[in-house]
Structures are given as structure tokens and as C-alpha cells.
Amino acid sequence: MARSLTPVSLPALAIGLALLCPAHGQAAPIEPEELRTETLPAAWNPHWIWVNDVSFSRMPDGRAYLIDGDSGRFLGMVSAGYSHTLLQMTPAGAEFAVPSTYYSRGSRGERTDVVTLYDKATLTPGEEVVIPPRRYIGAPFVGAMAATDDGRFSLIYNFTPEQSVTVVDLVARKVVGEFPTPGCGLIYPLGPRRFFMQCADSSLQAVSIAPDGRLTLGERTAKLFADGDPATEKPVRIAPDRWLLFTYSGEIHEVDGGGGQLKAGLAWRLTDAATSGWRIGGLQPAAFHTRTNRLFALMHRGGDGTHKDPGTEVWVYDARIGRRLERRKLAAPATSVAVSSDEQPLLFTVMAGVRDLVVYDAATGAKLRVVDQLGDALSYLQPAPLAEPTR
Amino acid sequence: MISRVDRLAERVARGVARKLSRRGLVARIGALFGASAMPLLPVSRANAMTSKSGDASDPTSCSYWRYCGIDGFLCTCCGGSASSCPPGTEPSPITWVGTCRNPEDGLNYVISYNDCCGKSACGRCECYRNEGDTPVYQPQQANDLDWCLGTRSGVAYNCSTAVVLGVAE
């Protein structure tokens with residue numbers, strides 16, 4: 001039967017079957033449906049990743065997309081206003097915070113800056129705290145804002161060009177205050193109640209957070225970096241109180257904020273004599289996997305002035321000893337890289353201006369999938385947070 | 001050995017990255033910090049244009065001589081000109097200043113790269129470079145900041161001009 005029906009068009013076939021073969025209707029007809037809204041499980045999968053989109057060509061319309069790295073499925077999104085930067089997430093929290101900027105008439109009018117709290121299961125915006133309309137507007141760097149590790153306080157870097165930090169108590173839903181940080185910018189958490197900032201004279205400024213959220217400027221280090229080779233605003237956190245800072249030329253400087261003082265730790269280089277023509281580059285050019293101490297760096301062939309160029313390879317290092325373990329060619333050039341924090345980690349990359357999220361096996365480098373048709377200017381990648389193991 | 005196709009893809013990708021790192025997020029520093037603090041860009045920048053090998057006398061080309069230090073969308077392609085903002089936009093009072101050599105008279109000129117602000121990004125004729133760019137915590141020479149914040153209409157960045165301030169000493 002089926003063979004004799006093949007020349008018949010599919011619609012005709014369907015009509016014919018419906019008219020001539022009522023017996024085929026034994027399967028129950030589709031019940032009328034009720035439109036509903038999806039929700040997410042309260043506990044996020046560690047292979048889920050938020051892909052932030054700063055939406056450069058339509059900046060009032062910043063977004064973040066939640067993607068399942070295992071299936072490539074698009075799970076949901078957040079609309080986040082002008083010059084969107086990051087989400088503030090903690091592993092345990094039932095909600096996450098998004099500092100945003102809005103204009104009363106879209107791209108003009110009165111500016112309102114606000115920290116909006118979103119429910120992790122429904123992705124709906126809930127309560128919000130209006131903050132001083134001075135948050136840093138610029139390239140979406142990791143240090144532009146941060147939540148404390150326990151989710152209690154949201155810290156927002158301001159640039160007007162006077163520099164300051166706004167503190168929001170996310171539990172009390174109120175602004176604690178705005179604290180001047182002259183000469184220093186950006187926010188890098190150290191443990192639960194400290195952070196450090198990068199200063200124009202290439203020193204680092206320690207800041208402590210009182211129990212009520214008020215900030216106190218602490219010690220400032222000596223000048224740490226040469227004038228011609230500054231540290232980028234793209235460091236990577238490798239432990240609750242330790243970060244790796246990268247200079248333009250590829251020096252790595254570990255900063256240890258444990259014990260109450262900022263100390264310089266291990267210093268090494270990403271390149272050696274044989275690879276001196278290579279540089280680290282991009283918007284989010286490195287990622288760290290705590291459980292294996294692996295550092296993943298986006299590398300490209302280039303010299304001075306290429307610190308924002310995309311990586312064509314990812315180089316894998318043992319960050320404990322500063323030794324390169326592997327070079328891998330990327331399936332596509334990338335300006336951002338991130339790694340999930342679980343025991344079977346996925347490596348994610350995006351390329352600003354390309355609408356793809358590329359998913360790799362972080363252990364082998366095998367390309368697993370590409371999630372396409374995403375946004376406008378994919379910027380910072382944030383895997384779902386997972387409580388890091390104690391080290 | 002990287003294939004020719006791969007090299008081409010890489011060059012295109014790098015171009016995109018440079019454009020996006022500049023687009024609408026560009027430092028226009030100088031005036032705010034006082035003229036004495038303005039870093040004058042080296043004349044060599046005039047010859048170090050982007051991959052666009054256009055006409056140094058064409059204001060719609062990234063190779064136009066005045067654009068040696070520019071970052072962003074060219075107002076010339078957006079309803080304005082090298083020295084005017086498109087209708088309905090507001091010039092930023094803060095500028096990033098460069099020194100460019102005019103090949104026609106051989107003189108070096110100080111160029112002010114004021115932004116035009118108050119509408120969403122124009123999106124046409126992107127022109128950029130990262131030479132001399134510093135991190136944003138060293139803002140005087142950083143190009144990843146949006147300096148439309150000096151305007152009444154707020155931070156929305158539309159396009160960039162290249163205004164002649166005078167002959168460089």
C-alpha cells in the first residue's frame with residue numbers, strides 16, 4: 001500500500017487517510033491544550049551556562065541567554081537593559097541579581113540604575129533596588145560588578161569619571177552606600193568580605209566590607225607592573241582569595257589576599273622563547289578549573305596592540321606550577337572562554353560578532369556541539385555556579 | 001600549517017573583534033583631564049590604518065587621514081560629517097585627541113574625536129584600532145569606556161567625529 005501511495009502529495013495523503021481509514025483514528029485525538037509558562041528546577045545543572053550579550057549595536061537591549069551545554073537547548077533568557085554586563089549568582093541562592101541601566105525613553109531620557117532580583121526557577125524579575133545612576137558603562141569586564149560569595153552584598157563599580165563602589169544589601173533590599181575609591185577601579189572579591197581593585201599607578205588596593213556592608217580602604221601595594229605592560233582587566237579567580245592577573249605581554253602574576261594582606265604569589269609567563277610571537281587576547285581570555293588546577297588561555301599569534309584579538313588556540317596550563325600542558329586548535333576563533341566547575345567539565349567559547357556558542361569537552365578538547373542564532377555581541381560567559389571544593 | 005581559508009577566517013574574525021571592542025564603548029578622554037594631560041598620538045598612526053586600504057582623502061573611508069586615532073562608527077556615514085553630528089544627536093564635551101598627518105599639505109594636525117550621543121548606535125562604517133590602548137583603570141588612554149556620559153542626553157553612543165583643532169606644534 002505504502003509504495004503505491006508514494007506519488008501522492010503529503011496533504012492529499014493525510015486527507016485521504018482521514019476520509020477512507022477511520023480505523024486509523026483509534027489513537028485518541030490531541031486534547032485541547034492550555035498554554036503555560038515553563039519553569040526551571042531550583043537547582044541549576046553545572047553544565048548550564050549564561051551567555052551574556054552586551055548587544056553593542058543596540059545597546060539599550062542587553063540580554064543573557066541560558067543554554068544547556070549538554071543538549072544545546074536554549075532554556076530561557078533575561079532582558080537586562082543598557083550596556084548589560086553580568087549576572088550576580090551564588091550556588092545556594094534561590095535568586096540572582098542583575099545590575100542594569102535603563103532610560104525612561106529607551107535610548108534617552110532619565111537614567112535609572114537598578115539592581116533587579118530574578119527568581120532562579122521562573123527567571124522573572126522581582127524586587128529591585130534603585131542605585132546611584134553612575135555604574136560603569138563600557139566593555140563588560142568581570143570586575144565591573146560582583147556579589148559577595150554568600151550573596152549578601154552586591155558591589156557595583158561606578159565611573160563618572162570619578163570612581164566609587166556602590167554596595168547593595170541584597171537581603172535587606174537597600175543601598176548601604178556609595179564609597180569613593182580614588183585612583184582605583186573594578187572589583188575582585190577576596191573571601192567573603194574583602195576585595196581588591198586595580199589602580200592607575202599599577203598598584204592594587206585592598207578593600208574590606210564591614211558586617212553592615214560599609215567599605216573601608218585598606219593597604220595598597222607597591223606598583224606591580226611596568227608602564228608598557230599593564231595587567232589587563234581580565235583576571236581569573238582561582239580560589240576564594242586568590243586571582244591570576246595577566247599582563248598584555250603574557251606575564252602571569254598570582255595575587256593572594258588570604259591572611260589579610262595582598263601578596264604577590266607565583267609569577268610566570270604564558271609563552272617561552274619558542275612561542276614568543278603568541279599573545280593572550282580577547283574579552284574573557286582565560287578560564288580556570290579548580291578541581292584540576294587547569295588554566296585555559298585564548299592565544300593568538302600577534303604583538304603589541306593585539307590584546308583584544310581573538311584566540312585561535314586554547315593553551316592548557318597547570319596553574320600550580322605555571323607549566324603548559326597542551327596546545328589545542330579551536331574550531332572557531334574566540335574572544336571569551338569559560339569552563340564548567342564540575343568533575344566532567346565542559347569548555348565554552350564565543351566570538352564577539354558571531355552568534356554561536358561552541359561547546360568542547362574540557363578534558364580532551366573534542367568539539368561537542370555548536371548552539372547557533374544567539375544574540376548580537378556575545379560577551380561574558382558565566383557557567384552556572386557550583387560550590388567550589390575546599391582547597 | 002594553517003590553511004589559506006583558516007587564515008582568511010582568522011583575519012575576518014580579528015576584524016570583528018576589534019570593531020566590537022571599540023563600538024560605542026570608546027574612550028574619548030582628554031578634555032576632562034585637561035589639555036596638558038592629553039596624550040598626542042604618534043604620527044605613525046596615520047600610516048597604521050586598519051585592513052581597509054581605502055582613500056586617505058575620502059571621509060567615508062577608515063583610511064581617511066583624520067581618523068588615525070578614531071574608534072567607532074564614522075558620523076560621515078551616519079548623517080553627520082567628520083566635523084558634525086547627525087541631526088538630533090548631541091556632541092560629547094569630552095574628547096580623545098590624536099595627531100594625524102594630512103598627506104595633502106604634509107602638516108600634522110591635532111584631531112578631536114568627539115562622540116555624538118543620545119541615539120542608539122548608528123552601526124555604519126566602523127573604524128578602530130587598539131594601539132596604545134590601556135586598561136580602563138588607567139582611563140586617560142583606555143578605549144573601552146563610553147564617554148557620552150559627559151552629555152545631557154546620557155551615555156547612548158551614536159557615532160564618532162574627527163574635528164580639526166589646529167596644526168600640531
Side-chain angles (χ1 to χ4, degrees), chain A residues 54 56-61 82-83 101 103 106-111 134 136-141 143 159-161 163 183-186 197-202 230-234 248 281-283 300-302 304-310 312 329 332-335 351-354 377 379, chain B residues 2 6-7 9-27 29 32-33 48 73 88-90 94 117-123 126 128-158:
Chain A
V54 70
F56 277 103
S57 60
R58 286 156 181 77
M59 284 184 69
D61 189 24
Y82 192 89
S83 191
T101 295
Y103 286 90
S107 59
R108 61 189 171 86
E110 185 183 355
R111 172 176 171 175
R134 292 186 273 280
Y136 158 87
I137 300 289
F141 297 125
F159 184 85
T160 68
Q163 298 175 96
C184 304
L186 305 167
M197 308 182 80
Q198 293 177 291
C199 308
D201 62 359
S202 282
T232 70
E233 330 83 324
K234 303 151 190 169
Y248 282 25
L283 172 72
H300 65 275
R301 213 185 285 274
D304 289 345
T306 66
H307 49 283
K308 295 172 190 170
D309 279 13
T312 55
K329 281 189 166 42
T335 43
M351 169 74 209
V354 176
S379 42
Chain B
I2 193 164
D6 286 345
R7 279 200 304 271
E10 184 183 329
R11 282 175 58 188
V12 170
R14 288 186 186 194
V16 171
R18 289 199 184 106
K19 288 172 195 170
L20 289 170
S21 69
R22 298 277 171 135
R23 191 190 295 175
L25 295 177
V26 179
I29 306 175
L32 204 81
F33 293 87
F73 304 115
T89 62
E90 178 186 356
I94 303 164
C117 312
K119 297 180 189 289
S120 197
C122 156
E126 294 168 21
Y128 52 84
R129 66 163 46 93
N130 285 321
E131 298 150 46
D133 165 56
T134 60
V136 294
Y137 63 84
Q138 297 175 335
Q140 289 86 341
Q141 291 177 275
N143 71 16
D144 277 330
L145 293 156
D146 185 338
W147 280 90
C148 279
L149 55 77
T151 61
R152 280 179 291 114
S153 52
V155 296
Y157 166 79
N158 182 247

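Residue numbers begin at 1 in each chain, while the letters A, B, ... track the order of the sequences. Keep in mind that what you see is a predicted model, and the values were worked out from it rather than measured.
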Any A/Phe159 side-chain heavy atom under 4.5 Å of B/Val136 side chain: no

B/Gln138 and A/Pro230, any side-chain heavy atoms less than 4.5 Å apart: yes

Portion of A/Leu186 that has a non-hydrogen atom of chain B nearer than 4.5 angstrom: side chain

Residue, of B/Ala156, B/Gly118, B/Cys122, B/Cys117, that accumulates the most heavy atom pairs under 4.5 Å with chain A: B/Ala156

Pairwise side-chain contact, B/Tyr137 with A/Glu233, heavy-atom cut-off 4.5 Å (strictly under): yes

Structural part of A/Ala231 lying under 4.5 Å from a heavy atom of chain B: both

Nearest heavy atoms of B/Tyr157 and A/Tyr82, plus distance in Å: N-OH, 3.5 Å

Within 6.0 Å of CZ in A/Arg108, more than 12 heavy atoms from elsewhere: no

Smallest separation among heavy atoms of A/Pro60 and B/Ser120, with atom names: CD-OG, 3.6 Å

